[in-house]
Protein chains: 2
Amino acid sequence: HDTVDAGATEVPLPDIQQHLNHLFETKVGADVTFNVNGETIAAHRCVLAARSPVFMAQLFGPMKEGAATCDIQIEDMEANVFRALLSFIYTDLFPEMEDDEADVEEGQEADEVVYATWLQWMQDLLVAADRYDIQRLKFCCEEGLSECMDVSSVTSTLAIAEQHHCHDLKEACLNFLRVQSSSSLQEVMSTSDWEHITVTYPSVLNELIAKLAAKA
Amino acid sequence: HDTVDAGATEVPLPDIQQHLNHLFETKVGADVTFNVNGETIAAHRCVLAARSPVFMAQLFGPMKEGAATCDIQIEDMEANVFRALLSFIYTDLFPEMEDDEADVEEGQEADEVVYATWLQWMQDLLVAADRYDIQRLKFCCEEGLSECMDVSSVTSTLAIAEQHHCHDLKEACLNFLRVQSSSSLQEVMSTSDWEHITVTYPSVLNELIAKLAAKA
(Lines give C-alpha, C1' and ligand atoms only; values in the text may rest on other atoms or scores of the structure.)
Protein backbone atom coordinates (compact mmCIF):
# COMPACT_ATOMS: atom_id res chain seq x y z
CA HIS A 1 0.00 0.00 0.00
CA ASP A 2 2.88 2.36 -0.70
CA THR A 3 2.47 2.97 -4.41
CA VAL A 4 3.32 6.34 -5.94
CA ASP A 5 0.70 6.14 -8.65
CA ALA A 6 -2.79 6.28 -7.20
CA GLY A 7 -4.32 4.25 -10.01
CA ALA A 8 -2.58 1.25 -8.46
CA THR A 9 -4.61 1.37 -5.22
CA GLU A 10 -5.99 -2.08 -4.63
CA VAL A 11 -9.21 -2.32 -2.68
CA PRO A 12 -8.83 -5.04 -0.02
CA LEU A 13 -11.05 -8.11 -0.23
CA PRO A 14 -14.26 -8.27 1.80
CA ASP A 15 -13.33 -8.94 5.41
CA ILE A 16 -16.64 -9.29 7.23
CA GLN A 17 -16.18 -13.04 7.71
CA GLN A 18 -12.74 -12.50 9.21
CA HIS A 19 -14.10 -9.76 11.50
CA LEU A 20 -16.97 -11.94 12.72
CA ASN A 21 -14.62 -14.87 13.23
CA HIS A 22 -12.49 -12.63 15.42
CA LEU A 23 -15.63 -11.61 17.33
CA PHE A 24 -16.50 -15.28 17.89
CA GLU A 25 -12.98 -16.07 19.07
CA THR A 26 -12.52 -13.07 21.36
CA LYS A 27 -16.11 -13.27 22.73
CA VAL A 28 -16.31 -9.49 23.19
CA GLY A 29 -19.88 -8.51 23.98
CA ALA A 30 -21.08 -12.14 24.09
CA ASP A 31 -24.56 -12.31 25.62
CA VAL A 32 -25.40 -16.01 25.62
CA THR A 33 -23.57 -19.13 26.76
CA PHE A 34 -24.20 -22.71 25.76
CA ASN A 35 -23.37 -25.71 27.87
CA VAL A 36 -22.49 -28.62 25.64
CA ASN A 37 -21.29 -31.82 27.22
CA GLY A 38 -19.71 -29.95 30.13
CA GLU A 39 -18.09 -27.34 27.89
CA THR A 40 -19.15 -23.68 27.94
CA ILE A 41 -19.28 -21.81 24.63
CA ALA A 42 -20.11 -18.10 24.52
CA ALA A 43 -21.73 -16.36 21.55
CA HIS A 44 -23.71 -13.33 20.40
CA ARG A 45 -27.47 -13.73 20.25
CA CYS A 46 -28.07 -11.35 17.34
CA VAL A 47 -25.55 -13.11 15.10
CA LEU A 48 -27.04 -16.53 15.84
CA ALA A 49 -30.58 -15.24 15.27
CA ALA A 50 -29.61 -13.56 12.01
CA ARG A 51 -28.29 -16.84 10.65
CA SER A 52 -30.65 -19.45 12.06
CA PRO A 53 -34.46 -19.30 12.24
CA VAL A 54 -34.28 -21.78 15.11
CA PHE A 55 -31.98 -19.56 17.17
CA MET A 56 -34.18 -16.59 16.23
CA ALA A 57 -37.22 -18.31 17.72
CA GLN A 58 -35.29 -19.60 20.73
CA LEU A 59 -33.54 -16.32 21.57
CA PHE A 60 -36.02 -13.66 20.44
CA GLY A 61 -39.31 -15.40 19.69
CA PRO A 62 -42.45 -15.50 21.84
CA MET A 63 -41.36 -18.95 23.03
CA LYS A 64 -38.09 -17.72 24.54
CA GLU A 65 -37.68 -18.63 28.18
CA GLY A 66 -37.19 -15.18 29.73
CA ALA A 67 -33.84 -14.61 31.37
CA ALA A 68 -33.01 -18.29 30.91
CA THR A 69 -32.05 -17.54 27.30
CA CYS A 70 -28.66 -16.34 28.54
CA ASP A 71 -27.58 -19.85 29.54
CA ILE A 72 -28.70 -22.69 27.32
CA GLN A 73 -28.16 -26.41 27.71
CA ILE A 74 -27.49 -28.29 24.45
CA GLU A 75 -28.39 -31.98 24.49
CA ASP A 76 -27.45 -34.76 22.07
CA MET A 77 -24.57 -32.97 20.41
CA GLU A 78 -20.78 -33.11 20.80
CA ALA A 79 -19.08 -29.85 21.80
CA ASN A 80 -16.79 -29.86 18.76
CA VAL A 81 -19.80 -30.22 16.43
CA PHE A 82 -21.66 -27.37 18.13
CA ARG A 83 -18.53 -25.22 17.98
CA ALA A 84 -18.18 -25.99 14.27
CA LEU A 85 -21.83 -25.04 13.74
CA LEU A 86 -21.23 -21.67 15.41
CA SER A 87 -18.05 -21.18 13.42
CA PHE A 88 -20.05 -21.63 10.20
CA ILE A 89 -22.69 -19.22 11.51
CA TYR A 90 -20.06 -16.51 12.05
CA THR A 91 -17.96 -17.09 8.93
CA ASP A 92 -20.00 -18.87 6.24
CA LEU A 93 -16.93 -21.08 5.76
CA PHE A 94 -17.21 -24.85 5.91
CA PRO A 95 -15.73 -25.94 9.26
CA GLU A 96 -12.66 -28.14 9.22
CA MET A 97 -12.47 -31.12 11.55
CA GLU A 98 -10.76 -30.07 14.78
CA ASP A 99 -8.79 -33.33 14.93
CA ASP A 100 -7.51 -33.79 11.43
CA GLU A 101 -5.49 -36.83 12.46
CA ALA A 102 -7.61 -39.83 13.28
CA ASP A 103 -6.20 -42.36 15.72
CA VAL A 104 -5.27 -45.49 13.81
CA GLU A 105 -5.33 -48.60 15.96
CA GLU A 106 -3.44 -51.80 15.26
CA GLY A 107 -4.99 -53.92 12.55
CA GLN A 108 -6.88 -50.97 10.99
CA GLU A 109 -6.20 -49.43 7.62
CA ALA A 110 -5.30 -45.74 7.98
CA ASP A 111 -7.46 -44.81 4.97
CA GLU A 112 -10.47 -46.49 6.49
CA VAL A 113 -10.05 -44.69 9.79
CA VAL A 114 -9.64 -41.33 8.08
CA TYR A 115 -12.74 -41.98 5.98
CA ALA A 116 -14.79 -43.12 8.98
CA THR A 117 -13.74 -40.03 10.94
CA TRP A 118 -14.60 -37.74 8.03
CA LEU A 119 -17.94 -39.50 7.55
CA GLN A 120 -18.89 -39.08 11.20
CA TRP A 121 -17.97 -35.37 11.00
CA MET A 122 -20.06 -34.74 7.88
CA GLN A 123 -23.04 -36.66 9.25
CA ASP A 124 -22.86 -34.90 12.62
CA LEU A 125 -22.65 -31.50 10.91
CA LEU A 126 -25.58 -32.34 8.66
CA VAL A 127 -27.70 -33.26 11.67
CA ALA A 128 -26.66 -30.05 13.48
CA ALA A 129 -27.34 -27.93 10.38
CA ASP A 130 -30.79 -29.47 10.04
CA ARG A 131 -31.55 -28.98 13.72
CA TYR A 132 -30.76 -25.24 13.52
CA ASP A 133 -32.05 -24.83 9.96
CA ILE A 134 -28.76 -23.61 8.48
CA GLN A 135 -29.61 -24.46 4.89
CA ARG A 136 -26.27 -23.70 3.26
CA LEU A 137 -24.29 -25.82 5.71
CA LYS A 138 -26.81 -28.63 5.24
CA PHE A 139 -26.36 -28.46 1.46
CA CYS A 140 -22.55 -28.51 1.81
CA CYS A 141 -22.76 -31.66 3.95
CA GLU A 142 -25.21 -33.30 1.56
CA GLU A 143 -22.90 -32.57 -1.35
CA GLY A 144 -19.83 -33.91 0.44
CA LEU A 145 -21.62 -37.09 1.49
CA SER A 146 -23.01 -37.60 -2.03
CA GLU A 147 -19.64 -37.17 -3.68
CA CYS A 148 -17.63 -39.42 -1.36
CA MET A 149 -20.08 -42.27 -0.85
CA ASP A 150 -18.92 -45.87 -0.61
CA VAL A 151 -20.34 -49.23 0.51
CA SER A 152 -19.25 -48.56 4.10
CA SER A 153 -21.09 -45.22 4.30
CA VAL A 154 -24.16 -45.51 2.10
CA THR A 155 -26.43 -47.14 4.69
CA SER A 156 -25.83 -44.76 7.58
CA THR A 157 -26.02 -41.83 5.16
CA LEU A 158 -29.30 -43.13 3.76
CA ALA A 159 -30.78 -43.33 7.27
CA ILE A 160 -29.71 -39.76 8.03
CA ALA A 161 -31.00 -38.51 4.67
CA GLU A 162 -34.38 -40.09 5.37
CA GLN A 163 -34.54 -38.82 8.93
CA HIS A 164 -33.55 -35.26 8.03
CA HIS A 165 -35.54 -34.93 4.81
CA CYS A 166 -32.54 -34.59 2.48
CA HIS A 167 -34.22 -35.44 -0.79
CA ASP A 168 -31.16 -35.16 -3.03
CA LEU A 169 -28.91 -37.07 -0.67
CA LYS A 170 -31.43 -39.91 -0.42
CA GLU A 171 -31.58 -40.04 -4.22
CA ALA A 172 -27.79 -40.21 -4.32
CA CYS A 173 -27.82 -43.16 -1.90
CA LEU A 174 -30.51 -45.04 -3.80
CA ASN A 175 -28.77 -44.42 -7.12
CA PHE A 176 -25.50 -45.60 -5.60
CA LEU A 177 -27.17 -48.83 -4.42
CA ARG A 178 -28.92 -49.31 -7.76
CA VAL A 179 -25.63 -49.59 -9.65
CA GLN A 180 -23.90 -51.94 -7.16
CA SER A 181 -23.18 -55.54 -8.08
CA SER A 182 -25.44 -58.16 -6.55
CA SER A 183 -22.68 -59.21 -4.12
CA SER A 184 -21.94 -55.62 -3.01
CA LEU A 185 -25.63 -55.03 -2.40
CA GLN A 186 -25.85 -58.22 -0.35
CA GLU A 187 -22.83 -57.07 1.67
CA VAL A 188 -24.57 -53.77 2.39
CA MET A 189 -27.80 -55.52 3.31
CA SER A 190 -26.08 -57.86 5.78
CA THR A 191 -25.10 -55.01 8.14
CA SER A 192 -26.86 -53.93 11.32
CA ASP A 193 -27.23 -50.44 9.83
CA TRP A 194 -29.37 -51.97 7.09
CA GLU A 195 -31.44 -53.75 9.72
CA HIS A 196 -32.01 -50.31 11.27
CA ILE A 197 -33.32 -49.00 7.94
CA THR A 198 -35.53 -52.05 7.54
CA VAL A 199 -37.10 -51.54 10.94
CA THR A 200 -37.26 -47.74 11.02
CA TYR A 201 -37.73 -46.64 7.42
CA PRO A 202 -39.23 -49.60 5.55
CA SER A 203 -40.71 -47.30 2.88
CA VAL A 204 -37.13 -46.63 1.73
CA LEU A 205 -36.90 -50.33 0.79
CA ASN A 206 -39.85 -49.88 -1.55
CA GLU A 207 -38.13 -46.91 -3.18
CA LEU A 208 -35.02 -49.01 -3.76
CA ILE A 209 -37.13 -51.85 -5.18
CA ALA A 210 -38.72 -49.42 -7.65
CA LYS A 211 -35.29 -48.15 -8.72
CA LEU A 212 -33.93 -51.67 -9.21
CA ALA A 213 -37.02 -52.72 -11.14
CA ALA A 214 -36.61 -49.74 -13.47
CA LYS A 215 -32.98 -50.70 -14.17
CA ALA A 216 -32.55 -51.15 -17.91
CA HIS B 1 -33.76 -27.75 -5.71
CA ASP B 2 -35.92 -30.49 -7.17
CA THR B 3 -33.41 -32.44 -9.19
CA VAL B 4 -33.66 -36.22 -9.43
CA ASP B 5 -29.95 -36.82 -9.73
CA ALA B 6 -28.13 -35.92 -6.55
CA GLY B 7 -24.90 -35.06 -8.35
CA ALA B 8 -26.70 -31.94 -9.54
CA THR B 9 -27.15 -30.46 -6.05
CA GLU B 10 -25.91 -26.90 -6.16
CA VAL B 11 -24.61 -25.42 -2.94
CA PRO B 12 -26.16 -21.97 -2.45
CA LEU B 13 -23.88 -18.95 -2.42
CA PRO B 14 -22.65 -17.51 0.88
CA ASP B 15 -25.52 -15.62 2.47
CA ILE B 16 -24.05 -14.10 5.63
CA GLN B 17 -24.16 -10.57 4.18
CA GLN B 18 -27.81 -10.98 3.27
CA HIS B 19 -28.59 -12.36 6.73
CA LEU B 20 -26.83 -9.49 8.49
CA ASN B 21 -28.52 -6.96 6.20
CA HIS B 22 -31.85 -8.45 7.24
CA LEU B 23 -30.79 -8.16 10.89
CA PHE B 24 -29.93 -4.48 10.36
CA GLU B 25 -33.25 -3.81 8.65
CA THR B 26 -35.46 -5.71 11.09
CA LYS B 27 -33.54 -4.46 14.18
CA VAL B 28 -34.23 -7.68 16.10
CA GLY B 29 -32.10 -7.73 19.24
CA ALA B 30 -30.74 -4.23 18.63
CA ASP B 31 -28.98 -2.95 21.76
CA VAL B 32 -27.80 0.53 20.83
CA THR B 33 -29.45 3.55 19.22
CA PHE B 34 -27.82 6.49 17.52
CA ASN B 35 -29.34 9.91 17.24
CA VAL B 36 -28.19 11.55 14.04
CA ASN B 37 -29.63 14.90 13.08
CA GLY B 38 -32.92 14.12 14.82
CA GLU B 39 -33.15 10.64 13.32
CA THR B 40 -32.92 7.48 15.45
CA ILE B 41 -31.02 4.50 14.05
CA ALA B 42 -30.85 1.21 15.96
CA ALA B 43 -28.02 -1.30 15.65
CA HIS B 44 -26.23 -4.22 17.31
CA ARG B 45 -23.19 -3.36 19.39
CA CYS B 46 -21.25 -6.56 18.74
CA VAL B 47 -21.55 -6.23 14.96
CA LEU B 48 -20.35 -2.62 15.03
CA ALA B 49 -17.48 -3.50 17.36
CA ALA B 50 -16.43 -6.46 15.21
CA ARG B 51 -16.11 -4.21 12.18
CA SER B 52 -14.79 -0.93 13.57
CA PRO B 53 -12.00 -0.45 16.13
CA VAL B 54 -13.57 2.91 16.97
CA PHE B 55 -16.95 1.37 17.81
CA MET B 56 -15.11 -1.37 19.71
CA ALA B 57 -13.44 1.23 21.93
CA GLN B 58 -16.61 3.30 22.27
CA LEU B 59 -18.96 0.39 23.02
CA PHE B 60 -16.74 -2.10 24.87
CA GLY B 61 -13.49 -0.34 25.73
CA PRO B 62 -12.42 1.11 29.09
CA MET B 63 -13.51 4.54 27.84
CA LYS B 64 -17.13 3.53 27.30
CA GLU B 65 -19.56 5.73 29.12
CA GLY B 66 -21.43 3.15 31.23
CA ALA B 67 -25.12 2.81 30.48
CA ALA B 68 -24.88 5.85 28.23
CA THR B 69 -23.51 3.58 25.48
CA CYS B 70 -27.06 2.48 24.69
CA ASP B 71 -27.99 5.87 23.31
CA ILE B 72 -25.33 7.74 21.37
CA GLN B 73 -25.45 11.19 19.83
CA ILE B 74 -23.65 11.50 16.48
CA GLU B 75 -22.43 14.99 15.61
CA ASP B 76 -21.24 16.42 12.30
CA MET B 77 -22.69 13.73 10.08
CA GLU B 78 -25.81 13.46 7.93
CA ALA B 79 -28.22 10.65 8.83
CA ASN B 80 -28.09 9.12 5.35
CA VAL B 81 -24.28 8.96 5.51
CA PHE B 82 -24.32 7.32 8.94
CA ARG B 83 -26.95 4.86 7.74
CA ALA B 84 -24.79 4.05 4.72
CA LEU B 85 -21.80 3.50 7.00
CA LEU B 86 -23.79 1.03 9.10
CA SER B 87 -25.07 -0.67 5.96
CA PHE B 88 -21.46 -1.24 4.86
CA ILE B 89 -20.60 -2.52 8.34
CA TYR B 90 -23.36 -5.15 8.14
CA THR B 91 -22.95 -6.16 4.50
CA ASP B 92 -19.44 -5.32 3.25
CA LEU B 93 -21.18 -3.95 0.14
CA PHE B 94 -20.49 -0.43 -1.08
CA PRO B 95 -23.55 1.67 -0.18
CA GLU B 96 -25.57 3.18 -2.98
CA MET B 97 -26.72 6.78 -2.70
CA GLU B 98 -30.20 6.84 -1.16
CA ASP B 99 -31.33 9.60 -3.52
CA ASP B 100 -30.08 8.46 -6.87
CA GLU B 101 -31.83 11.32 -8.62
CA ALA B 102 -30.27 14.67 -8.01
CA ASP B 103 -32.50 17.71 -8.25
CA VAL B 104 -31.53 19.64 -11.36
CA GLU B 105 -32.35 23.34 -11.11
CA GLU B 106 -32.88 25.68 -14.04
CA GLY B 107 -29.68 26.74 -15.73
CA GLN B 108 -27.72 23.73 -14.46
CA GLU B 109 -26.38 20.88 -16.54
CA ALA B 110 -27.86 17.55 -15.40
CA ASP B 111 -24.46 15.84 -15.72
CA GLU B 112 -22.84 18.41 -13.47
CA VAL B 113 -25.49 18.03 -10.80
CA VAL B 114 -25.23 14.25 -10.87
CA TYR B 115 -21.45 14.46 -10.61
CA ALA B 116 -21.58 16.98 -7.75
CA THR B 117 -24.07 14.79 -5.86
CA TRP B 118 -21.93 11.69 -6.38
CA LEU B 119 -18.80 13.59 -5.33
CA GLN B 120 -20.41 14.78 -2.10
CA TRP B 121 -21.53 11.22 -1.36
CA MET B 122 -18.09 9.73 -1.90
CA GLN B 123 -16.36 12.43 0.11
CA ASP B 124 -18.87 12.14 2.98
CA LEU B 125 -18.46 8.36 3.04
CA LEU B 126 -14.68 8.66 3.02
CA VAL B 127 -14.80 11.00 6.00
CA ALA B 128 -17.19 8.66 7.84
CA ALA B 129 -15.05 5.60 7.02
CA ASP B 130 -11.96 7.37 8.33
CA ARG B 131 -13.73 8.49 11.51
CA TYR B 132 -14.78 4.91 12.35
CA ASP B 133 -11.64 3.32 10.91
CA ILE B 134 -13.42 1.15 8.34
CA GLN B 135 -10.40 0.61 6.10
CA ARG B 136 -12.05 -1.21 3.23
CA LEU B 137 -14.79 1.39 2.81
CA LYS B 138 -12.16 4.12 2.94
CA PHE B 139 -10.16 2.40 0.19
CA CYS B 140 -13.29 2.03 -1.96
CA CYS B 141 -14.00 5.76 -1.64
CA GLU B 142 -10.39 6.67 -2.39
CA GLU B 143 -10.46 4.52 -5.49
CA GLY B 144 -13.75 5.99 -6.74
CA LEU B 145 -12.56 9.55 -6.18
CA SER B 146 -9.21 8.83 -7.88
CA GLU B 147 -10.83 7.30 -10.94
CA CYS B 148 -13.50 9.94 -11.51
CA MET B 149 -11.53 13.09 -10.76
CA ASP B 150 -12.02 16.28 -12.75
CA VAL B 151 -11.14 19.98 -12.44
CA SER B 152 -14.32 20.63 -10.45
CA SER B 153 -13.51 17.95 -7.84
CA VAL B 154 -9.73 17.80 -7.53
CA THR B 155 -9.36 20.63 -5.01
CA SER B 156 -11.98 19.53 -2.49
CA THR B 157 -10.76 15.94 -2.84
CA LEU B 158 -7.17 17.06 -2.25
CA ALA B 159 -8.20 18.83 0.95
CA ILE B 160 -10.03 15.75 2.22
CA ALA B 161 -7.13 13.47 1.26
CA GLU B 162 -4.73 15.67 3.21
CA GLN B 163 -7.03 15.96 6.22
CA HIS B 164 -7.74 12.23 6.40
CA HIS B 165 -4.25 10.96 5.59
CA CYS B 166 -5.15 9.29 2.29
CA HIS B 167 -1.70 9.00 0.78
CA ASP B 168 -2.69 7.41 -2.51
CA LEU B 169 -5.61 9.74 -3.09
CA LYS B 170 -3.41 12.78 -2.46
CA GLU B 171 -0.90 11.43 -4.98
CA ALA B 172 -3.73 10.98 -7.49
CA CYS B 173 -4.79 14.62 -6.99
CA LEU B 174 -1.26 15.97 -7.35
CA ASN B 175 -0.60 13.85 -10.43
CA PHE B 176 -3.89 15.04 -11.92
CA LEU B 177 -2.87 18.67 -11.35
CA ARG B 178 0.63 18.06 -12.72
CA VAL B 179 -0.69 17.07 -16.14
CA GLN B 180 -3.21 19.93 -16.49
CA SER B 181 -2.66 22.71 -18.99
CA SER B 182 -1.49 26.01 -17.58
CA SER B 183 -4.97 27.52 -18.08
CA SER B 184 -6.77 24.61 -16.36
CA LEU B 185 -4.40 24.86 -13.44
CA GLN B 186 -5.03 28.59 -13.19
CA GLU B 187 -8.77 27.91 -13.24
CA VAL B 188 -8.39 25.46 -10.35
CA MET B 189 -6.21 27.90 -8.41
CA SER B 190 -8.74 30.71 -8.74
CA THR B 191 -11.37 28.93 -6.64
CA SER B 192 -12.16 29.49 -2.98
CA ASP B 193 -11.46 25.78 -2.36
CA TRP B 194 -7.88 26.39 -3.48
CA GLU B 195 -7.69 29.35 -1.13
CA HIS B 196 -8.73 26.94 1.64
CA ILE B 197 -5.83 24.62 0.73
CA THR B 198 -3.43 27.56 0.64
CA VAL B 199 -4.43 28.67 4.11
CA THR B 200 -4.93 25.28 5.78
CA TYR B 201 -2.46 22.93 4.09
CA PRO B 202 0.30 25.10 2.58
CA SER B 203 2.74 22.17 2.61
CA VAL B 204 0.63 20.59 -0.12
CA LEU B 205 1.56 23.52 -2.37
CA ASN B 206 5.23 22.63 -1.92
CA GLU B 207 4.50 19.05 -2.91
CA LEU B 208 2.77 20.25 -6.09
CA ILE B 209 5.69 22.58 -6.86
CA ALA B 210 8.11 19.64 -6.55
CA LYS B 211 5.94 17.55 -8.92
CA LEU B 212 5.73 20.36 -11.50
CA ALA B 213 9.47 21.01 -11.30
CA ALA B 214 10.16 17.30 -11.92
CA LYS B 215 7.97 17.38 -15.07
CA ALA B 216 10.09 16.30 -18.01
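These values consider heavy atoms only, across backbone and side chains, with no hydrogens, waters or symmetry-generated copies. Order of the sequence lines fixes the chain letters, A, B, ..., with proteins taken first and strands second; residue numbering starts at 1 for each chain.
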query = At their closest point, which heavy atom of B:V47 faces which heavy atom of A:C46, and how far apart are they?
reply =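 Heavy atoms of B:V47 and A:C46 come nearest at CG2-SG, 4.2 Å.
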ask   = Which pair of non-hydrogen atoms, one from A:Y90 and one from B:I16, has the smallest distance, and what is that distance?
value =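 Heavy-atom minimum between the residues: O-CD1, 3.2 Å.
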Heavy-atom neighbours of [X] [atom1] exceed 12 at 6.0 Å:
{"X": "A:Q73", "atom1": "CD", "value": "yes"}
{"X": "B:D150", "atom1": "CG", "value": "yes"}
{"X": "A:Q180", "atom1": "CD", "value": "yes"}

message = With a 4.5 angstrom heavy-atom cut-off, is it the side chain or the backbone of A:T26 that approaches chain B, or both, or neither?
response =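 Neither part; nothing is under 4.5 Å.
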request  = Sort A:L174 into side chain, backbone, both or neither according to what part of it lies under 4.5 angstrom from a heavy atom of chain B.
outcome  =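 Contact with chain B: none, neither part.
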key: Pairs of heavy atoms under 4.5 Å with chain B: top-ranked of A:A50, A:A49, A:C166   =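 Highest number of pairs under 4.5 Å: A:A50.
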message = Which one wins on heavy-atom pair count under 4.5 Å against chain A: B:Q17, B:Q135, B:M56?
response =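 Greatest number of close heavy-atom pairs with chain A: B:M56.
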message = Could you go through A:D15 and B:R51, starting from their C-alpha distance and side-chain angles, then the distance that decides it, and tell me whether this counts as side chain to side chain contact (heavy atoms under 4.5 Å, CB included)?
response = CA-CA 9 Å; A:D15 45 18; B:R51 300 275 287 150; 2.9 Å; yes
